[in-house]
Amino acid sequence: MSKKRGLSVEEKRTRMMEIFFETKDVFQLKDLEKIAPKEKGITSMSVKEILQSLVDDAMVDSERIGTSNYFWAFPSKALHARKRKLEALETQMVETNQKKKTLQQNVEKAKVGRQDTEERSKLAEELASLRHQRDQFKSELDKYKECDPDVIEEIRQSNKVAKEAVNRWTDNVFAVKSWAKKKFGFEESKIDKTFGIPEDFDYID
């Protein structure tokens, strides 16, 4: 029989949040190190690390009382934390779109021939940078979709706005590719290779 696959970090984070949401209780680290393995399949060795990551992301509250640290989290707090994160992502999307406009202006100035080699090189670097930002935003959005289903339902509309922003940016990349094909006469595969665009680059669902 094959060995059972261990939980990913995001799965552990989600299950840890379930402990707080389901019990609506306050815990010490030692409590969670006993509960998490038994009820959620999270190894006791990883409880502290997972808990700290949730505290760092403002998903879980923590306070030291006397010599002990106490942890708690409620759906309403998690909802507001996610909304703030999504708002920050949307702001970054706006900034990325502005960079895209500047990039398009630079593309218009590019000239066919040897003399525009440096210009195309800069264009490639800029496209790679913006594509990397897009991937980061998508990764962040995926991360904030994986916690409590009830909370996610409440922020579905916020997620929708962020997804639409990512897909608008994807539209812009395709538009630049189309322009480059007509301007330079390149094949699409050559444009993808030159600008570091992966074959599976596409809209997100």
Side-chain angles (χ1 to χ4, degrees), residues 1-96 129-167 169 198 200 204-205:
M1 294 179 65
S2 61
K3 187 176 180 180
K4 186 177 180 181
R5 181 183 69 85
L7 297 174
S8 69
V9 172
E10 285 309 315
E11 287 173 330
K12 291 178 181 178
R13 283 165 55 94
T14 298
R15 294 191 182 193
M16 185 70 74
M17 292 303 295
E18 287 175 354
I19 294 175
F20 289 108
F21 290 166
E22 290 168 2
T23 63
K24 294 182 176 62
D25 205 349
V26 178
F27 300 94
Q28 289 183 260
L29 176 60
K30 62 182 181 181
D31 299 325
L32 292 169
E33 288 176 336
K34 294 178 181 178
I35 296 172
K38 182 178 179 181
E39 297 187 6
K40 298 299 180 180
I42 304 172
T43 59
S44 58
M45 294 287 289
S46 63
V47 168
K48 184 176 181 180
E49 180 183 357
I50 295 300
L51 186 60
Q52 187 59 51
S53 75
L54 292 170
V55 171
D56 292 342
D57 287 344
M59 302 292 291
V60 171
D61 287 312
S62 173
E63 185 170 338
R64 187 176 184 83
I65 301 176
T67 59
S68 302
N69 289 318
Y70 292 86
F71 303 89
W72 68 93
F74 301 110
S76 59
K77 172 66 183 296
L79 170 62
H80 292 315
R82 287 191 183 88
K83 282 186 175 180
R84 287 195 298 271
K85 186 66 177 180
L86 288 170
E87 288 170 358
L89 285 173
E90 189 171 0
T91 298
Q92 289 177 302
M93 280 294 180
V94 172
E95 294 174 354
T96 300
S129 174
L130 293 178
R131 180 174 59 81
H132 178 66
Q133 290 183 46
R134 174 190 181 276
D135 291 342
Q136 286 185 317
F137 296 153
K138 182 177 180 296
S139 177
E140 284 292 313
L141 288 173
D142 290 341
K143 172 182 173 182
Y144 281 86
K145 288 191 301 184
E146 293 190 10
C147 287
D148 185 74
D150 293 334
V151 176
I152 293 304
E153 183 63 30
E154 295 183 48
I155 60 170
R156 187 178 299 278
Q157 291 304 315
S158 296
N159 275 338
K160 181 179 179 181
V161 171
K163 285 180 182 178
E164 289 175 349
V166 172
N167 284 332
W169 193 92
D200 59 356
I204 63 173
D205 297 326

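We're numbering straight along the sequence, starting at 1.
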Nearest heavy-atom approach of Pro37 to Ser44 is CG-N, 3.7 Å

Should Phe27 and Ile19 be marked as a side-chain contact (heavy atoms from CB on, under 4.5 Å) after you check the CA-CA gap, both sets of side-chain angles, and the distance that decides it? CA-CA 10 Å; Phe27 300 94; Ile19 294 175; 4.0 Å; yes

How many angstroms lie between CG in Leu32 and CZ in Phe71, if you round to the nearest 0.5 Å? 7.5 Å

Hey, could you give me the CE/CG distance between Met16 and Leu54, rounded to the nearest 0.5 Å? 7.0 Å

Quick note, salt bridge (charged side-chain N to carboxylate O under 4.0 Å, His left out) partners involving residues 25-49, not counting sequence neighbours, are Glu18-Lys40, Glu22-Lys40

Stepwise side-chain contact (heavy atoms from CB on, under 4.5 Å) check, Gln52 with Val55: CA-CA 5 Å; Gln52 187 59 51; Val55 171; 4.1 Å; yes

Test side-chain contact (heavy atoms from CB on, under 4.5 Å) on Val60 and Leu51 and set out the steps. CA-CA 8 Å; Val60 171; Leu51 186 60; 4.2 Å; yes

Shortest non-hydrogen pair, Lys12 vs Leu7, comes out as CE-O, 3.5 Å

Nearest-0.5 Å distance, CZ of residue Phe20 to CG of residue Asp61: 9.5 Å

Could you please spell out the steps behind the side-chain contact (heavy atoms from CB on, under 4.5 Å) verdict for Gln28 and Tyr70? CA-CA 5 Å; Gln28 289 183 260; Tyr70 292 86; 3.6 Å; yes

Write down the atom of Ala73, the atom of Met59, and the distance for their closest heavy-atom approach. CB-O, 3.4 Å

Got a donor-acceptor contact below 3.5 angstrom from the Ser68 side chain to the Ile65 backbone? no

